[in-house]
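To start, the structure under review is shown below, and the notes come after it.
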Amino acid sequence: MDSLLVPVGMTVVVLCGIAVLLCVVSMAFSWGVKRPQPKEYTLDQRWDRGPALFTATDIQPMTLARHTEPGDTEGASASGKW
């Protein structure tokens, strides 16, 4: 088993070095790439997307060190005028 330590270790070191070199090369060639800019949203514009509210309703209550209500550990929903 000790005879495999150096060959496996050197293989891992060489592969990590190649991966780092490839990352540096890819970053060097990506400086001139133009990416689309997202449209900036300001508060004077109308918001035409739905609300992004997430709930977790099907989770098991957690065992906590204090007494809690079921609503403390389960997700709920929110509503309001957008």
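Because the structure is predicted, anything quoted here is derived from the model rather than measured.
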In the single-linkage hydrophobic clustering (I, L, V, M, F, W, Y; side-chain heavy atoms under 4.5 Å), do Leu43 and Trp47 co-cluster?
-> yes
Locate the shortest heavy-atom distance separating Ser26 from Cys23; write the atom from each residue and the value.
-> OG-O, 2.8 Å
Linking I/L/V/M/F/W/Y whenever any side-chain heavy atoms sit under 4.5 Å apart, do Leu15 and Val6 land together?
-> no
Look up atom CE in Met10 and atom CG in Leu5, then write down how far apart they are to the nearest 0.5 Å.
-> 11.5 Å
One should read off an interatomic distance between Gln45 CD and Glu40 CD, to the nearest 0.5 angstrom, of 8.5 Å
Around atom CZ of Phe29, are there more than 12 heavy atoms of other residues, nucleotides or ligands at under 6.0 Å?
-> no
